[in-house]
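Everything numeric in this text was worked out from a predicted model, so none of it was measured.
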Amino acid sequence: MAIYRLFKVFAVLSLAMTFLLLSSPLVYAAEGYALLKGFWRCQEENDQTTLEFKSKTELIYNGQPTSYQLLPNTLKVIEDSGSVNYYYQYLEGTLIILSPDGSMTYCQRAKKALVQSQQPAQPRTTAKGWPPPYQRPAGRSTWEDSSPEKLLYKFAGRWDSATNNTLHNIYLKPDGSFEDSYEAGYSGQFVDQGGFQTGNWGAAGNEHAGGRWTIQGTLRQGTISLIDRNGRRTNYRYQVHCRGSECYGSEYFFNGRLYTVKYIYR
């Protein structure tokens, strides 16, 4: 009975997708948005994230708005590096998203927390007068603080993010300069036609950059901008890592990727 039920589910999905593929892009966008709109809580390995489809062209990931285009089984998201395709499937109340790096995210519909819907607009911190003196701020801080002094003291440090094959370090210095280091390494084996190992291979690469950095937002979330020596700008949308009501001040998501800090300048 379970196999027959699963077959029926996939048969229905196949017929639905065939109909949508034959429809115009505008019709598909309308049908797809009707299915996806609203607030979702997601799980990717050990990380919890949120996703909200605000309209047919705007979504909010972890509190950060961005633009997207809805295609058959694909979310074409506009990121800082350009458009990125995320493949998805909706199956029995679960939204399953496949990222370009091969990771899977599972999302369930949820009620948007009241505190989220009532968050005030983020104050903006401009580059004028940046950076302020680097010293421990006086008084108590809250996540909604946006003073340049508190932002500098919080974010000046070495931010690290590592996977099995990559390591990314961002050095945000107290004087307003930065260094960016990215390393990648991969390895494998050579085999002959009979499947026997004949050797090993390895590949490695690294990139380095430097320039100036600025920030706008609050201690909770905002945007860090890196401007390299050639004037190219890279924006990182940041948000503190929270689980439930507990937030971790040394862990932030930069463009959806988790980074941890070491305060090497204190």
query: Is there a path from Phe253 to Val261 through hydrophobic residues (I, L, V, M, F, W, Y) whose side chains come within less than 4.5 Å of each other?
result: no
field: Salt-bridge contact Lys173-Glu179 (side-chain N to carboxylate O under 4.0 Å)
entry: yes
- prompt: Taking all atoms of both residues into account, what is the closest heavy-atom pair of Thr66 and Val77, and its distance?
  reply: CG2-CG1, 3.9 Å
query: Can you tell me if Asn255 uses its side chain to pair, donor with acceptor, with the backbone of Arg237 under 3.5 Å?
result: yes
task: Output every pair passing salt bridge (charged side-chain N to carboxylate O under 4.0 Å, His left out) with a member in residues 255-266, not counting sequence neighbours, ordered by first then second residue.
output: none
Ring geometry between His168 and Tyr182 (parallel below 30°, tilted from 30 to 60°, perpendicular above 60°): perpendicular
query: Distance only, no hydrogens: is a donor on one side chain within 3.5 Å (strictly under) of an acceptor on the other, for Gln43 and Thr105?
result: no
- prompt: For residues 228-266, which residue pairs qualify under disulfide (SG to SG under 2.5 Å), counting only residues two or more places apart or in two chains?
  reply: Cys242-Cys247
message: As an exercise, state the distance from OH of Tyr87 to OG1 of Thr74, rounded to the nearest 0.5 Å.
response: 5.5 Å
query: At what distance, to the nearest 0.5 angstrom, does CG of Leu226 lie from CZ of Arg212?
result: 12.0 Å
- request: Can you measure from OG1 (Thr49) to NE2 (His241) and round to the nearest 0.5 angstrom?
  value: 9.5 Å
field: Asp145 side-chain N/O to Ser147 backbone N/O, donor-acceptor pair under 3.5 Å
entry: no
- prompt: Where do Asn235 and Ser225 land on the side-chain hydrogen bond (donor to acceptor under 3.5 Å, both in side chains) test, with the steps shown first?
  reply: CA-CA 5 Å; Asn235 291 327; Ser225 297; 2.7 Å; yes
Which side-chain N or O atoms in residues 135-142 pair as donor and acceptor under 3.5 Å with protein atoms at least two apart or in another chain?
| from | atom 1 | to | atom 2 | distance (Å) |
| --- | --- | --- | --- | --- |
| Arg136 | NH2 | Tyr153 | OH | 3.3 |
| Thr142 | OG1 | Glu144 | N | 3.4 |

Co-membership, hydrophobic cluster, residues Leu258 and Tyr171, 4.5 Å side-chain: no
query: Passes ring-ring contact (aromatic ring centres under 6.0 Å, His included), Phe155 versus Tyr238? Steps please.
result: CA-CA 11 Å; Phe155 286 97; Tyr238 68 84; 4.8 Å; yes
- prompt: Is Arg158 close to Ile170 at the side-chain level, that is, under 4.5 Å between some pair of heavy atoms?
  reply: no
query: Taking the side chain as C-beta and beyond, is there a heavy-atom pair between Gln108 and Thr94 under 4.5 Å?
result: yes
query: Counting only N and O atoms by type, is there a donor-acceptor contact under 3.5 Å from the side chain of Ser83 to the main-chain atoms of Lys76?
result: no
statement: Rounded to the nearest 0.5 angstrom, the CG-OH distance for Leu36 and Tyr68 is 6.5 Å
task: Measure the shortest side-chain to side-chain distance between Leu151 and Leu219 over non-hydrogen atoms and say whether it is less than 4.5 angstrom.
output: yes
Criterion side-chain contact (heavy atoms from CB on, under 4.5 Å) on Trp143 and Val240, from CA distance to verdict: CA-CA 9 Å; Trp143 291 117; Val240 67; 3.7 Å; yes
message: Within the 4.5 Å heavy-atom criterion, are Tyr86 and Ser99 side-chain neighbours or not?
response: yes
Shortest non-hydrogen contact between Pro65 and Glu58, atoms and distance: CB-OE2, 3.7 Å
message: I'd like to know if the side chain of Thr260 pairs up with that of Asp160 as donor and acceptor (distance under 3.5 Å, no hydrogens or angles considered).
response: no
- request: Please answer whether the main-chain N or O of Arg220 pairs with a side-chain N or O of Thr218 as donor and acceptor at a distance below 3.5 Å.
  value: yes
- request: Would you give the length of the straight line joining atom OG1 of Thr214 to atom CG of Leu152, rounded to the nearest 0.5 angstrom?
  value: 12.0 Å
- prompt: Minimum heavy-atom separation for Pro131 to Gly176, with atom names?
  reply: CG-N, 3.8 Å
query: Same hydrophobic cluster for Ile60 and Leu70, using side-chain heavy-atom links shorter than 4.5 Å among ILVMFWY?
result: no
message: Run the side-chain contact (heavy atoms from CB on, under 4.5 Å) test on Thr50 and Cys42 for me, step by step, so that the C-alpha distance in whole Å, both residues' side-chain angles and the decisive distance to 0.1 Å come before the verdict.
response: CA-CA 6 Å; Thr50 60; Cys42 307; over 6 Å; no
message: Quick check for you: to the nearest 0.5 Å, what is the distance between Ile224 atom CD1 and Tyr236 atom OH?
response: 9.5 Å
task: Without swapping roles, check the side chain of Asp175 against the backbone of Ser177 for a donor-acceptor pair under 3.5 Å.
output: yes
- line: The residue among Phe254, Trp159, Tyr248 that forms ring pair (Phe, Tyr, Trp, His ring centres under 6.0 Å) with Tyr259 is Phe254
field: Residue pair Ile96 / Met104, side-chain heavy-atom distance below 4.5 Å
entry: yes
- prompt: Looking only at heavy atoms, what is the nearest atom pair of Gly217 and Ser146, with distance?
  reply: O-CB, 3.2 Å
field: Under 3.5 Å donor-acceptor, Lys154 side chain and Gly249 backbone
entry: yes
- request: For the pair Tyr252 (side chain) and Gln221 (backbone), establish whether a donor and an acceptor sit closer than 3.5 Å, ignoring hydrogens and angles.
  value: no
field: Shortest non-hydrogen contact between Ala156 and Tyr265, atoms and distance
entry: C-CD1, 4.0 Å
message: Using side-chain heavy atoms (C-beta onward) and a distance below 4.5 Å, is Trp40 in contact with Leu95?
response: yes
